[in-house]
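Have a look at the structure below, then the notes.
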Amino acid sequence: MLFATWNVNSIRTRLSQVEEFLDETQPDLLCLQETKVEDKLFPRESIEKRGYQVSFYGQKAYNGVALISNQKLDDIRLGISGELVNNQVSTFLDEQKRIISALINGIRVVNVYVPNGSSLDSEKYIYKLKWLDHLKKYFESQEERSEPLCLMGDFNIVLEEKDIHNPKRFNNGIMASLSEREALQNVLGTRLEDVFRLFEADTGHWSWWDYRSGAWQKDQGWRIDHIYLSEELINNARSCVIHKKARGNIQPSDHAPVLVDINWPPQEDNENSLFY
DNA sequence: ATGGCGAAAAAATTTCGA
C-alpha cells in the first residue's frame, strides 16, 4: 500500500498538479489538506476519471481535507468528534474542517490539518494546543485503539531541532515551542511513530518551504508534514520519502507530498520498496 | 527586527497561512 499526504494550499489552484502526482506515483491513498473549497465545489471529476474515489470535508476559503483512494474506503468519517472532555462528549474538533478519516484495507487512516497557531502570544496558539488536547482525548476514547492506525497530514509542528533548517533562529518560536511539541507528543503517546525517521536520521529533509524570502531557492525549509504509524504498520514499512520535486513545480504549493510504502496486508516480503 | 509570497474573497484591499 502506498499512502501519501500533501498540503496543496487550494485544490482548485493545484488540481493539475494533483492529477500529475496521481498519474506519476499512483498512490493507493492521497490525503489532502488545505483544500480551501466547499464540498459542492470540490473538483472531483478528473480525479474520479482516473479510478479514484474522493471524500472531502471542506469549507469556504480556509482549511478543508480530503481522501483520494483507489481502494475501497469504509467507515468514512467527515470530521471526528465525540471525544470525552471532563466526562462530557465534545464536538470541538468539528468546529473547523480539519479532519477526515476512513478504514482502508483494515487500516484506520486519520488525515489531519493541525492549526498553525500564528504566534506564541496569539489566541490561535491557545486554540492549537486545545485542538491537540482534544485529538489526544479522541484517540483515548475511541475504538481506533484496536485498529492499525495511520495518522498523517500537516502537523505545523517539528518535534526535533533537525527538522528546522535554522534551529538557532526558530527553535522556540511557533511550530517548534515546547508546549506544542509536548501536545503533539501526547497525541502520539507510545503507540505512534514517525515513519520517516525509521529510514532517515539526518537533518536537511524538509516538507515545507516558505513562499517568502526565497526559502525554496535557498533550500531553507521545515519538516512539518508527517506520517505516524502504529506498531503493526511500522514493522511492515518499506520506505518513506518526501516528494520534493513537487515544490519545484510552476505555481507550487508551499508543501511537498510525503509518501510511505507499507507491505500491507503483510506478505512474504524479500523485496525492498516497490516504490523508490 | 521586519517583511518577504500566494490564495481567497471580492472588487482594491484585507485576511490568513507558517
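The figures that follow rest on heavy atoms only: side chains count, while hydrogens, waters and symmetry mates do not. Since this is a predicted model, take the numbers as computed values, not measurements. Every chain is numbered from 1 and lettered A, B, ... according to where its sequence line falls, protein lines coming before strand lines.
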Rounded [atom1] spacing from [N] to [M] in Å:
N	M	atom1	answer
dA8(B)	dG3(B)	P	25 Å
dT15(B)	dA1(B)	C1'	23 Å
dG4(B)	dA10(B)	P	25 Å
dT14(B)	dA18(B)	P	22 Å
dG17(B)	dA11(B)	C1'	22 Å

Would you kindly give the [atom1]-to-[atom2] distance between [X] and [N], to the nearest whole Å?
X	N	atom1	atom2	answer
Phe170(A)	dG3(B)	CZ	C1'	12 Å
Ile11(A)	dA8(B)	CD1	C1'	15 Å
Gln17(A)	dG6(B)	CD	P	13 Å
His255(A)	dA18(B)	NE2	C1'	7 Å
Asn156(A)	dG17(B)	CG	P	9 Å

Report task. Go through the structure and list residues passing ring-ring contact (aromatic ring centres under 6.0 Å, His included) with Phe196(A), not counting sequence neighbours. Result ->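 Applying ring-ring contact (aromatic ring centres under 6.0 Å, His included) to Phe196(A) gives His205(A).
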
Query raised in the report: For DNA chain B, what residues of residues 210-226 of chain A have any heavy atom nearer than 4.0 Å?
Result: Tyr211(A), Arg212(A), Ser213(A), Ile224(A)

Query raised in the report: So Phe56(A) and Phe42(A), would you call those rings parallel, tilted or perpendicular, with 30° and 60° as cut-offs?
Result: parallel

**Report entry** Which residue lies more 5' along DNA chain B, comparing Val114(A) with Thr13(A) via nearest heavy atoms
**Finding:** Thr13(A)

Looking at [N], I'd like to know if its phosphate oxygens (OP1 or OP2) sit under 4.0 Å from a side-chain N or O belonging to [X].
X	N	value
Asn9(A)	dA7(B)	no
Gln251(A)	dA7(B)	yes
Ser10(A)	dA8(B)	yes

Within the structure shown, what part of the strands sits under 4.0 Å from [X] by heavy-atom distance: base, sugar-phosphate, or nothing?
X	value
Arg14(A)	sugar-phosphate
Phe155(A)	nothing
Asn63(A)	nothing

Each nucleotide N or O in nucleotides 9-16 of chain B that has a protein N or O under 3.5 Å away: list the pair and distance.
residue: dA9(B); atom: OP1; partner: Ala61(A); partner atom: N; Å: 3.2

**Report entry** Aromatic centroids of Tyr228(A) and Phe155(A) separated by under 6.0 Å
**Finding:** yes

Query raised in the report: Any chance the rings of Phe92(A) and Trp131(A) have centres within less than 6.0 Å?
Result: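 Ring centroids of Phe92(A) and Trp131(A) are no less than 6.0 Å from each other.
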
Query raised in the report: So, do Ser177(A) and Asn172(A) sit near enough that their side-chain heavy atoms are less than 4.5 Å apart?
Result: no

Query raised in the report: Any salt bridge between Lys245(A) and Glu24(A), counting N to O under 4.0 Å?
Result: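 Counted as a salt bridge, because a side-chain N and a carboxylate O are separated by less than 4.0 Å.
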
Query raised in the report: Measuring from Arg197(A):CZ to Leu159(A):CG, what's the distance to the nearest 0.5 Å?
Result: 10.5 Å

Query raised in the report: Is the closest side-chain donor-acceptor distance between Thr13(A) and Gln251(A) under 3.5 Å?
Result: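 No.
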
Report task. Pick out which of Ile174(A), Asn116(A), Leu184(A) makes a side-chain contact (heavy atoms from CB on, under 4.5 Å) with Ile157(A). Result ->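 When Ile174(A), Asn116(A), Leu184(A) are each tested with Ile157(A), the side-chain contact (heavy atoms from CB on, under 4.5 Å) holds only for Leu184(A).
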
Query raised in the report: Given Cys240(A), which of Val258(A), Asp194(A), Leu198(A), Ile262(A) fulfils the side-chain contact (heavy atoms from CB on, under 4.5 Å) condition?
Result: Val258(A)

